[in-house]
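These notes are about the structure you will find just below.
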Amino acid sequence: GGVMLRRDNDNFLAAPDTIAGIHTLVSGLQSAALNKLDSEIAKGTIDKKNPIPLFIGISQNGDSYPYDQILSGMTPMPSQMAIGATWDTEMARKGGEILGRELANLGFNMLFGPSLDVLEIIYIEGGDDLGTRSYGGDPFWVGQMGQSFITGVHQGSEGHVAVIAKNFPGRGSSDRSPESGLATVRKSLDQLKLVELSPFFQVTSQVVGKEESTDGLLISHIRYQGLQGNIRSITRPITFDQGALNLLMGLEPIIDWRASGGILVSDDLGSQAVRNHFSPASQTFDARQVVRNAFQAGSDLLYMNNLVSSEDKDWLTTAKRTIELFVQKYREDQAFADRVNKSAERIISLKLRIFGNFSSDSVIPKDETNQQTFLTDGNYSFEVSQKAVTLISPTPSEIKTVLSQPPEMGERMVFITDELEASQCSTCPINSIFDEESLPKIVLRLYGPNGSGQITTSQVKYYSYANLMAVLENPSRNPELENDLSRAQWLIFSSLNISLDRTNSVALKRFLSERNAQIRDKKVIVFAFNAPYYLDATDISSVTAFYGLFSKNSFFLETAARVLFQEITPSGSSPVSIPGIAYDLNTAMSPDPAQILALGLDKPKLEENKQVDTPEFKIGDVIPLTTGIILDRNGHPVPDGTIARFLFTVTNDRVINEQIEALTVAGNAKTTYRLQQPGVLEIRVSSDPAQESQVLTLDISEGKSGVITSFIPTAMPTAESNIPDPESNQVQNIAIIRPK
């Protein structure tokens, strides 16, 4: 097995010693594993000839606290949702590559991530939500992003970091956070296949060892209602339900991935949710049986963080007694021993893939870790931030009217910012992660007296959400803030998530509700540095402009400043639904009805049989067809599996209509059509709700061969648009004409 290093277990030192401390700790752990204690060797309990190195695991999800374990010394990584908002799988791959390289340099060899949860239920007021710990709400794109990220981790680490994708089989539509209690997903197996399981199918579609394939799956402590056919039947938490887990492991392609060596890792068995399940009334809690149940249900690796039986004095005692129980069962129960042997074979095979061999040279990290090593890729976050930033409200055409100019000289600006602070360990200094000075300092650096000179320092005032909450409770408590609010021309809010754990997080919603009259004739700007769905329609109607940044590190703050001063035009689009503006992700990812679908001959298929530039066709020939890239309403290729309908009309002495359905792959749909009778053939394509397309015609009415011609239905020109060329997948600028 191995160890997981965690911030809350004080495994890390404060900056600037964080990186050096990790190297020392990891090196010491692996040295201990490779150089067994002499006393143990003498007793014969350990074979010195076969030392096995440890898994050194970590969960490093991006976006700093609370989702990263290491808070300083590494490249600041964006949240998964920010990467999802770029709609660029290369951004996911590049992020994985950077993280994989840095973790491997530190000696980590197992990453718990990425999350492949599909964010279907976004937020219930007062409840828990995944927030930015998801690539988005569409299963296809979550899988694409996850697969690219996994590829990057393997490439960056040169195969030395195993990836454990989570939270199988998906918690995006659960009714609560598993951290707070036993969560339930109410879906049948067929429904799970379409949404929750789809991303996991993508990352297990290849055998273990392929770059794009996950090395393992983290099994969540979630119950599933309706999984096994009876909608009233609820499983135990999947971690402990052998029948349900076997059912899922038997699905294609997971069954082949598992057979090739894919490992299953239990989620944290020391979590409060597990204790509540096995000891609902704080009764006797036998941690040994909990671990045994998880193992027999199917997990190969058992994650035991602060797992303590009620009769044990501490977690170490419980760990020792659990191992003793397993040793005893192994000796007494052949079926149990066979099960252990299979898991051990998978685990050791994975370790051999990671290390190559078990020598100290390949296991113990080189002493080359320093601050400079990990600060060479800061531009990555800035690149993601520029691609991710999204104008949520109003529309791009309306923004030019309501915000025709950026803040000007003499206009008063009040910045009000949510706050977040954290420490690297329980005895480490508390550091600000996000505070009232974060954005205004960047604004002044870029546009103040020492920057472009567009504003002066005296124009800028800044306060925290805590200050605002205090004024909302009692206006006399901060007359300076009240005065600044009244005199300001610009109010700029920087928001994070809304959480019951942070009482000040609702300050913006309260202000928009209780002080609506006070914001009239002011420019009210909201930057969401977390998920974009916490404001409702009433809140958003009070705001001049609402932008989604999806992540909160300094590079995203700088992008927000540049958006405020109209130096950057937002180009991202939300990867999750936003009820407050009636933005539905499924609708947004459907084919754009305003486009004219490109249609042409599939040249690679054509060249298999015809080696001419202008092929002729006759009765009996097969015409290979392809669309251009079909775009969704955000201008991205539609997801794989989108239906395209090829429509064929043959006119001779009568009219014959035929239709062939095909599914898109990488935005294109392809099919073939065999010519069976003479006449004039017209070919069109549609993909609901996009109905218009280029038209291909072929005249073989006299029984001779003919050449396909292409045209766009003509009427009167109305506008210009970009239409994908089906032959080159490049964009041509042509006049769109609407048929009468």
Side-chain angles (χ1 to χ4, degrees), residues 1-6 9 52-61 69 100 103 108-117 133 146 149-150 153-154 157 160-171 178-179 183 196-197 199-200 203-204 208-209 213-222 236-242 244-246 248-249 254-255 257-271 273-274 287 290-307 319 322-323 326 339-354:
V3 297
M4 280 287 288
L5 300 188
R6 294 170 56 112
N9 284 341
I52 299 176
L54 302 172
F55 287 130
I56 308 289
I58 191 169
S59 177
Q60 192 80 356
N61 295 325
Q69 300 302 313
L103 290 177
F108 289 99
N109 52 55
M110 180 170 280
L111 172 65
F112 279 26
S115 163
L116 297 182
D117 297 306
R133 290 174 289 173
F149 182 85
I150 290 168
V153 172
H154 287 147
S157 68
H160 297 313
V161 173
V163 178
I164 311 298
K166 60 186 183 184
N167 300 278
F168 184 82
R171 54 168 280 197
E179 290 90 348
E196 279 82 357
L197 285 168
F200 293 100
V203 302
T204 57
V208 175
S213 183
T214 188
D215 300 284
L217 298 174
L218 186 75
I219 311 301
S220 64
H221 302 316
I222 296 181
R236 288 177 290 171
I238 287 291
T239 325
F240 308 103
D241 195 317
Q242 183 177 7
L245 192 53
N246 284 344
L248 295 169
M249 288 297 104
I254 296 177
I255 187 172
W257 169 85
R258 178 72 164 151
S260 72
I263 68 169
L264 302 184
V265 185
S266 76
D267 204 346
D268 182 8
L269 299 174
S271 70
V274 172
V290 170
V291 179
R292 177 184 169 185
N293 287 345
F295 175 69
Q296 292 187 315
S299 293
D300 301 300
L301 281 177
L302 303 158
Y303 180 13
M304 302 185 293
N305 176 53
N306 292 326
L307 180 65
T322 302
I323 292 170
F326 270 59
R339 174 75 180 81
V340 169
N341 291 341
K342 289 179 181 178
S343 288
E345 182 179 355
R346 292 189 189 100
I347 291 166
I348 294 173
S349 295
L350 176 56
K351 288 186 175 182
L352 284 169
R353 285 199 304 275
I354 291 171

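In this chain, numbering begins with 1 at the start of the sequence shown. Source: prediction; values computed, not measured.
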Quiz prompt | Full working for side chain to side chain contact (heavy atoms under 4.5 Å, CB included) between Leu269 and Leu302 | solution = CA-CA 8 Å; Leu269 299 174; Leu302 303 158; 4.2 Å; yes

Practice problem: Tell me, yes or no, whether the heavy-atom count around Gln296 atom CD, taken from other residues, nucleotides or ligands under 6.0 Å, exceeds 12. | Solution: yes

Practice problem: Grab the two heavy atoms, one from Arg258 and one from Met249, that are nearest each other, plus how far apart they are. | Solution: CD-SD, 4.2 Å

Quiz prompt | Non-hydrogen side-chain atoms of Leu111 and Val153 separated by less than 4.5 Å | solution = yes

Quiz item: Hey, does the side chain of Asn109 reach the backbone of His160 with a donor-acceptor pair shorter than 3.5 angstrom?
Solution: no

Quiz item: Rounded to the nearest 0.5 Å, how far does CZ of Arg171 lie from CD of Glu196?
Solution: 12.0 Å

Quiz prompt | Aromatic Phe295 / basic Arg339 pairing, under 6.0 angstrom, 45° off normal | solution = yes

Quiz item: Does any N or O in the side chain of Ser299 come within less than 3.5 Å of the main-chain N or O of Leu301, such that one atom is a donor and the other an acceptor?
Solution: no

Quiz item: Is there a donor-acceptor pair closer than 3.5 Å between any side-chain N or O of Ser266 and the backbone N or O of Ala294?
Solution: no

Self-check item: side chain to side chain contact (heavy atoms under 4.5 Å, CB included) between Ile56 and Val3, intermediate numbers included
Solution: CA-CA 5 Å; Ile56 308 289; Val3 297; 3.7 Å; yes

Quiz item: If you measure from OG on Ser260 to CZ on Arg346, what distance do you get to the nearest 0.5 Å?
Solution: 10.0 Å

Quiz item: Do you know the tightest heavy-atom contact between Ala165 and Leu116?
Solution: CB-CD1, 3.8 Å

Quiz item: Are any side-chain N or O atoms of Ser349 and backbone N or O atoms of Glu345, one a donor and one an acceptor, separated by less than 3.5 Å?
Solution: yes

Self-check item: Nearest atoms (heavy-atom pairs only) where Lys351 meets Leu54
Solution: NZ-CA, 4.0 Å

Quiz item: Only one of Asp268, Asp267, Leu264 clears side-chain contact (heavy atoms from CB on, under 4.5 Å) with Leu218; which?
Solution: Asp267

Practice problem: Find the distance between CD (Gln69) and CG (Leu5) and round it off to the nearest 0.5 Å. | Solution: 9.0 Å

Self-check item: Val163 vs Phe112 side-chain heavy atoms within contact, under 4.5 Å
Solution: no

Exercise. Could you tell me whether the side chain of Val208 reaches within less than 4.5 Å of the side chain of Asp215, counting heavy atoms only?
Key: yes

Quiz prompt | Least distance between heavy atoms, Ser220 atom then Pro169 atom | solution = OG-CD, 4.0 Å

Exercise. For side chain to side chain contact (heavy atoms under 4.5 Å, CB included), just list the numbers for Ile58 and Leu103, CA-CA rounded to whole Å, side-chain angles, deciding distance to a tenth of an Å, and then say yes or no.
Key: CA-CA 9 Å; Ile58 191 169; Leu103 290 177; 3.9 Å; yes

Quiz item: Below 4.5 Å, heavy atoms only, C-beta onward: do Ile150 and Pro114 meet side chain to side chain?
Solution: yes

Exercise. Please round to the nearest 0.5 Å and tell me the distance separating atom CD1 of Ile238 and atom CG of Leu245.
Key: 6.5 Å

Quiz item: Are Asp241 and Asn246 close enough that a side-chain donor and a side-chain acceptor fall under 3.5 Å?
Solution: no

Quiz item: Does Gly170 offer a backbone N or O that forms a donor-acceptor pair with the side chain of Asn167 under 3.5 Å?
Solution: no

Quiz prompt | Sub-4.5 Å side-chain heavy-atom contact between Leu307 and Thr322 | solution = no

Quiz item: By ring pair (Phe, Tyr, Trp, His ring centres under 6.0 Å), which residues pair with Phe240, not counting sequence neighbours?
Solution: His221, Phe278

Quiz item: With a 4.5 Å limit on heavy-atom distance, are the side chains of Trp257 and Val203 in contact?
Solution: no

Quiz item: Are any non-hydrogen side-chain atoms of Phe200 and Leu248 less than 4.5 angstrom apart?
Solution: no

Practice problem: Starting at OG of Ser59, measure out to CZ of Arg6 and round the result to the nearest 0.5 Å. | Solution: 8.5 Å

Quiz item: So do Lys166 and Asp117 actually touch side chain to side chain, heavy atoms under 4.5 Å?
Solution: no

Exercise. Applying ring pair (Phe, Tyr, Trp, His ring centres under 6.0 Å), name anything that partners Phe149, two or more places apart in sequence or on another chain.
Key: none

Exercise. Hey, could you give me the OG1/CD1 distance between Thr239 and Ile222, rounded to the nearest 0.5 Å?
Key: 8.5 Å

